[in-house]
Enquirer: 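Quick one: this structure, given as structure tokens, is what I'll be asking you about.
Read the numbers this way: they start at 1 and go in the same order the structure lists the ligands and their atoms. Given the structure is predicted, the values throughout are model-derived calculations rather than measurements.
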Amino acid sequence: MQQMPCDLFSRSLAFATDMLAKTIGVLTSGGDSPGMNPAVRAVARTAIRKGVRVFGFFNGYQGILDDDLTELTHRSLAGMLDRGGTFLQSSRCRAFYTEEGRQTAVRKLADHRIDGLVVIGGDGSLKGALELGKLGVPVIGLPGTIDNDIYGTETGIGVDTASNTIVEMIDKIKDTARSHRRCFLIEVMGRNSGYLALTTAITAGAEVAVVPELRYNMPRILELLSSRYRNRMGDSIIILAEGVCEADDFIKRMQEAGGDQLKQEIRKTVLGHVQRGGRPTHADRLIASRMGELAVLTLLQGERNSMVGLNKGKLTLVDLDKVCSQKKHLPTDKIRLARHLGIEIGDAVEL
Ligand code: F6P
């Protein structure tokens, strides 16, 4: 990972702006995440400030293919900082999976005289950015996904808001769990990643987290629930990452493993897309703004085919091919913390 020294920017920007980019594009792609709007806003405001025109493509990569774009101005960006979702809209563009689709996109970008592109999205979107880069388009990616499964960054835009939403929802569910001595199984997002499940288990005070990266231990889970119930602590929360299985399926597995001997009721709540919505938190607005600014500054410097990541509190540039080819692991300090707090999270598996 390269670290970008900030003074380098101030020294070379006037030159770089003249030399490299007169017009840039920005798009949001894949699943929306809270903070995408502040990121687009930061990209646009920074570009405008540097005398660069900036166009937003609607509906992700599809907007390039459909010539669906608009020039972003201070007026069009007004009110976007605190709005969830993405006003540019988003999609998973099927045509973009093909070489032909990507070639068309390159042609269209050239037609619109776009000198560089900022792509905000998750793993699939960043793969699209990498492919565009290989075809000669200067691209900078920003990690925009609540799953926090992108290699090369400790967090993504939207992770903090989604985590807060999950915790808020679990706090409410716990009221009922306590009142009825029930066990609640709560399914959270994370297609291939248990990050949200693990960290919200810590901050919401769950008893169990079931994540795709670790092998759950059903006998231990059932023993934990039974012993809590026996000791008049009947309320138990299990957080299940969707990447493991669906909530109904997991309850079935519990019953098959002897869980029907549990004296308490087990109910499920699938949080679903509520996790992707809502006003971005302060932390997400800040990281989105910082990443958006750096994306433009680096593009203007001639940087390309990189993603802006956050590492040890500092923004870094990570090669997109590395981002797209490496797997992000669950943070070991959070696994250790969960274990020390008594959360049942299963055992390491050989991958
Ligand atoms: O944004 C990532 C994610 O939230 C995954 O956790 C989930 O599997 C997926 O999006 C669902 O997205 P959609 O319903 O838009 O297909």
Side-chain angles (χ1 to χ4, degrees), residues 27-40 58-63 83-97 119-129 141-170 185-201 204 209-214 239-250 268-281 283-284 287-288 291 307 309 323-324 327-331:
L27 60 84
T28 52
S29 165
D32 65 330
S33 70
M36 280 182 162
N37 282 331
V40 171
F58 288 103
N59 210 15
Y61 289 112
Q62 192 63 46
R83 255 173 65 176
T86 163
F87 78 98
L88 284 181
Q89 302 169 326
S90 190
S91 68
R92 296 188 173 97
C93 175
R94 287 189 160 275
F96 218 74
Y97 293 124
V119 172
I120 307 165
D123 50 358
S125 311
L126 296 171
K127 277 190 187 107
L142 300 186
T145 170
I146 65 163
D147 287 359
N148 209 10
D149 58 349
I150 310 278
Y151 179 85
T153 186
E154 282 159 15
T155 195
I157 295 165
V159 176
D160 186 67
T161 308
S163 306
N164 279 306
T165 301
I166 295 170
V167 170
E168 196 186 327
M169 296 297 134
I170 294 178
L185 177 77
I186 296 160
E187 183 187 312
V188 300
M189 280 190 170
R191 203 174 4 192
N192 302 309
S193 166
Y195 183 88
L196 288 175
L198 170 65
T199 55
T200 59
V210 184
V211 297
E213 294 88 346
L214 299 169
I239 305 184
L240 168 73
E242 64 171 349
V244 176
C245 64
E246 288 183 2
D248 281 332
D249 194 13
F250 196 77
K268 64 147 195 212
T269 301
V270 179
L271 290 182
H273 290 81
V274 73
Q275 297 160 94
R276 290 230 299 250
R279 292 156 63 91
T281 56
D284 270 330
I287 196 66
M291 287 181 167
M307 182 194 77
V323 171
C324 297
K327 184 167 167 45
K328 178 168 174 167
H329 296 293
L330 280 181

Enquirer: One residue to check: Gln275. Relative to ligand 1, which of side chain, backbone, both or neither has a non-hydrogen atom less than 4.0 Å away?
Expert: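 None of Gln275 does.
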Enquirer: Below 4.0 Å from ligand 1: does a non-hydrogen atom of Gly190 turn up there or not?
Expert: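 Contact present.
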Enquirer: Any side-chain donor-acceptor pair under 3.5 Å between Lys327 and Asn192?
Expert: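 Lys327 vs Asn192: no donor-acceptor pair found between side chains.
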Enquirer: Give me the residue, atom name and distance of the protein heavy atom closest to atom 4 (O) of ligand 1.
Expert: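 For atom 4 (O) of ligand 1, the nearest protein heavy atom is Met189 SD, 2.9 Å.
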Enquirer: Roughly how far, to the nearest 0.5 Å, is CG of Leu185 from CG of Leu240?
Expert: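 Leu240 CG to Leu185 CG: 5.5 Å, rounded to 0.5 Å.
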Enquirer: Quick test of your reading of the model: are Asp248 and Lys268 salt-bridged, counting only N-O distances below 4.0 Å?
Expert: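 Salt bridge flag = yes for Lys268 with Asp248.
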Enquirer: How about Met291 and Pro143: do any of their side-chain heavy atoms sit closer than 4.5 Å?
Expert: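 SC-SC contact between Met291 and Pro143 confirmed.
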Enquirer: For Glu242, counting its heavy atoms only, list the atoms of ligand 1 lying under 4.0 Å from any of them.
Expert: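 Going through ligand 1 atom by atom, the ones under 4.0 Å from Glu242 are 5 (C), 6 (O), 7 (C), 8 (O).
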Enquirer: Pairs of nitrogen or oxygen atoms closer than 3.5 Å, one from Asp147 and one from ligand 1: do any exist?
Expert: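 So ligand 1 has an N or O lying under 3.5 Å from an N or O of Asp147.
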Enquirer: Counting only N and O atoms by type, is there a donor-acceptor contact under 3.5 Å from the side chain of Gln62 to the main-chain atoms of Cys93?
Expert: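 Such a contact is absent between Gln62 side chain and Cys93 backbone.
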Enquirer: Tell me, which protein residue and heavy-atom name are nearest atom 1 (O) of ligand 1, and how many Å apart are they?
Expert: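 Going by distance alone, atom 1 (O) of ligand 1 is nearest to Arg276 NH1, 3.5 Å.
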Enquirer: For Gly84, does its backbone N or O pair with a side-chain atom of Asn37 as donor and acceptor, under 3.5 Å?
Expert: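 Between the backbone of Gly84 and the side chain of Asn37 there is a qualifying donor-acceptor contact (under 3.5 Å).
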Enquirer: How far is atom 14 (O) of ligand 1 from the closest protein heavy atom, and which atom is that?
Expert: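 Residue, atom and distance for the closest contact: His273 NE2, 2.7 Å.
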Enquirer: Tell me which protein heavy atom sits closest to atom 16 (O) of ligand 1, plus the residue, atom name and distance to 0.1 Å.
Expert: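 Residue, atom and distance for the closest contact: Arg92 NH1, 2.9 Å.
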